[in-house]
There are 2 protein chains.
Amino acid sequence: MNLPTARQRATWQSSAVVEALTKCHGFVSAQDLHTRVVAGGTHIGLSTVYRVLRDLEATGSVDVVQAGGGGRLFRPRPADGHRHYLICRRCGHSRPVDSQAVEEWAERVTADCDFAAVEHTVELTGVCSGCQSRPDSTG
Amino acid sequence: MNLPTARQRATWQSSAVVEALTKCHGFVSAQDLHTRVVAGGTHIGLSTVYRVLRDLEATGSVDVVQAGGGGRLFRPRPADGHRHYLICRRCGHSRPVDSQAVEEWAERVTADCDFAAVEHTVELTGVCSGCQSRPDSTG
DNA sequence: TTGATTGCAAACGGTTTGCATTTAC
DNA sequence: GTAAATGCAAACCGTTTGCAATCAA
């Protein structure tokens with residue numbers, strides 16, 4: 001990610017958030033991200049993390065999914081534009097899945113109905129192989 | 001819906017919530033539902049609405065989707081067990097869509113990967129024909 | 001009688017915002 | 001110099017919960 005944000009001025013805070021986000025192997029919450037940046041030794045405000053994430057979302061630089069507890073999870077959007085993921089419920093690791101079939105289905109439904117501007121959300125969750133052989137610790 | 005809740009005692013409050021929910025043509029928020037019940041002339045606590053909805057969810061009597069603003073929306077689950085909907089972003093009207101293709105796709109992905117206990121969430125949103133010919137008033 | 005259910009109000013968790021200060025340009 | 005970005009704390013919003021009062025069985 002080369003900072004294609006809506007921001008007009010580059011700051012180290014914004015870079016730190018993007019960098020931490022990029023290093024994550026899965027989806028992270030804004031608060032987790034904040035914790036990681038702070039744990040890295042840099043003092044940054046939680047609001048700033050939220051604001052950077054909001055800007056990244058606005059420019060389509062991140063994919064967002066709903067967390068179970070009502071929050072939202074973020075992850076950098078792959079260059080090839082994949083938009084659907086298989087996410088581990090325990091460790092958060094995720095990987096894009098081939099969703100062409102779903103895209104086609106969504107287009108078919110859109111064509112069949114009299115709704116306009118149809119958008120779709122598809123999320124797959126499971127327990128990855130690593131977590132299967134590991135005692136449940138994430139809840 | 002015949003009150004297949006987890007509750008052990010029948011109260012008019014629970015019935016009122018279920019009835020109001022059944023009358024809704026689309027997904028509603030807990031607060032909307034509360035407003036509707038109260039508007040019907042009966043005094044009921046907001047917490048009670050939430051509790052009844054939670055019990056209905058626990059017994060699989062309602063389908064739940066995430067609202068844009070972070071809240072959740074409820075609607076009685078059809079008898080035939082449909083689970084995916086096309087929802088109008090403006091008026092909340094919804095209708096189940098034929099999602100067999102998606103179910104098959106989800107099963108295929110599950111089989112292809114090393115994830116266990118894979119679950120999927122699919123939501124379609126759009127603007128229904130009625131709302132297309134109507135000025136936007138829902139936001 | 002008795003414990004499930006209710007209602008209120010306060011707590012909660014994640015997110016957003018107002019505003020003075022700092023900072024990039 | 002000037003406006004964008006930051007940080008703090010308070011506000012916000014939907015939801016949950018503690019607890020005394022109520023009510024169905």
Side-chain angles (χ1 to χ4, degrees), chain A residues 2-21 27-59 61-62 64-75 92 138-139, chain B residues 3-21 24 27-59 61-62 64-75 92 138-139:
Chain A
N2 294 23
L3 280 181
T5 76
R7 355 208 89 205
Q8 306 177 357
R9 297 184 184 178
T11 63
W12 63 262
Q13 286 97 330
S14 158
S15 305
V17 170
V18 171
E19 188 184 347
L21 185 60
F27 283 88
V28 264
S29 68
Q31 313 215 109
D32 274 357
L33 203 52
H34 175 245
T35 302
R36 288 177 194 231
V37 174
V38 170
T42 45
H43 197 354
I44 188 177
L46 180 56
S47 339
T48 301
V49 174
Y50 275 108
R51 283 192 270 240
V52 171
L53 285 173
R54 179 209 287 166
D55 292 347
L56 290 176
E57 182 182 5
T59 58
S61 304
V62 291
V64 189
V65 299
Q66 286 294 138
R72 285 146 41 99
L73 304 177
F74 305 82
R75 115 170 214 163
T138 305
Chain B
L3 279 182
T5 78
R7 355 210 89 206
Q8 306 177 355
R9 297 185 184 177
T11 62
W12 64 263
Q13 285 97 332
S14 158
S15 306
V17 171
V18 171
E19 187 183 347
L21 185 59
C24 291
F27 283 88
V28 263
S29 68
Q31 315 214 109
D32 275 355
L33 203 52
H34 175 246
T35 302
R36 288 177 195 231
V37 175
V38 170
T42 46
H43 196 355
I44 188 177
L46 179 56
S47 338
T48 300
V49 174
Y50 275 108
R51 284 193 269 242
V52 171
L53 286 173
R54 179 210 286 168
D55 292 346
L56 291 176
E57 183 181 5
T59 58
S61 305
V62 291
V64 188
V65 300
Q66 286 294 142
R72 286 146 42 98
L73 304 177
F74 306 82
R75 108 166 223 166
T138 305

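In what follows, chains are A, B, ... by sequence order, proteins preceding strands, each numbered from 1. Because the structure is predicted, anything quoted here is derived from the model rather than measured.
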Rounded off to whole Å, could you give me the [atom1]-to-[atom2] distance for the [X] and [N] pair?
X: I44(A); N: dT6(D); atom1: CD1; atom2: C1'; result: 9 Å
X: Q31(B); N: dC12(D); atom1: CD; atom2: C1'; result: 12 Å
X: W12(B); N: dG7(C); atom1: CH2; atom2: C1'; result: 11 Å
X: H34(B); N: dA9(C); atom1: NE2; atom2: P; result: 12 Å
X: Q13(B); N: dT22(D); atom1: CD; atom2: P; result: 13 Å
X: Q8(A); N: dT6(D); atom1: CD; atom2: P; result: 12 Å
X: L73(A); N: dG13(C); atom1: CG; atom2: P; result: 17 Å
X: Q66(B); N: dT15(C); atom1: CD; atom2: P; result: 12 Å

In terms of side-chain heavy atoms of T48(B), which of dG7(C), dT15(C), dG7(D) is nearest?
-> dG7(C)
Side chain of S47(B), base of dC8(C): donor and acceptor closer than 3.5 Å?
->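 Yes, the side chain and the base share a sub-3.5 Å donor-acceptor pair.
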Can a donor-acceptor pair under 3.5 Å be found between the side-chain atoms of R7(A) and the base atoms of dA4(D)?
-> no
Do NZ/NE/NH1/NH2 and the carboxylate oxygens of E57(B) and R72(B) come within less than 4.0 Å?
->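 Salt bridge present between E57(B) and R72(B).
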Minimum-distance pair of heavy atoms, taken over all atoms of S14(B) and V52(B) |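 In this case the closest contact between S14(B) and V52(B) is CA-CG2, 4.0 Å.
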If you look at every heavy atom in R36(B) and C24(B), which pair is closest and at what distance?
->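 Answer, listing the atom of R36(B) first, then C24(B): NH1-SG, 3.4 Å.
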Which part of the nucleic acid does R72(B) contact within heavy-atom distance under 4.0 Å: base, sugar-phosphate only, or nothing?
-> sugar-phosphate
Check every strand shown and say whether G71(B) touches a base, only sugar-phosphate, or nothing at a heavy-atom separation below 4.0 Å.
-> sugar-phosphate
Quick one: on DNA chain D, does R9(B) or F74(B) contact a more 5' nucleotide (nearest heavy atom)?
->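 Looking at the nearest nucleotide for each, F74(B) comes out on the 5' side.
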Which residue lies toward the 5' end of DNA chain D, R51(B) or S29(B), if each is placed at its nearest nucleotide?
->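 So the residue in question is S29(B).
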Short side-chain to backbone donor-acceptor contact, T42(B) and V37(B), under 3.5 Å |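 Looks like yes, one N/O pair under 3.5 Å.
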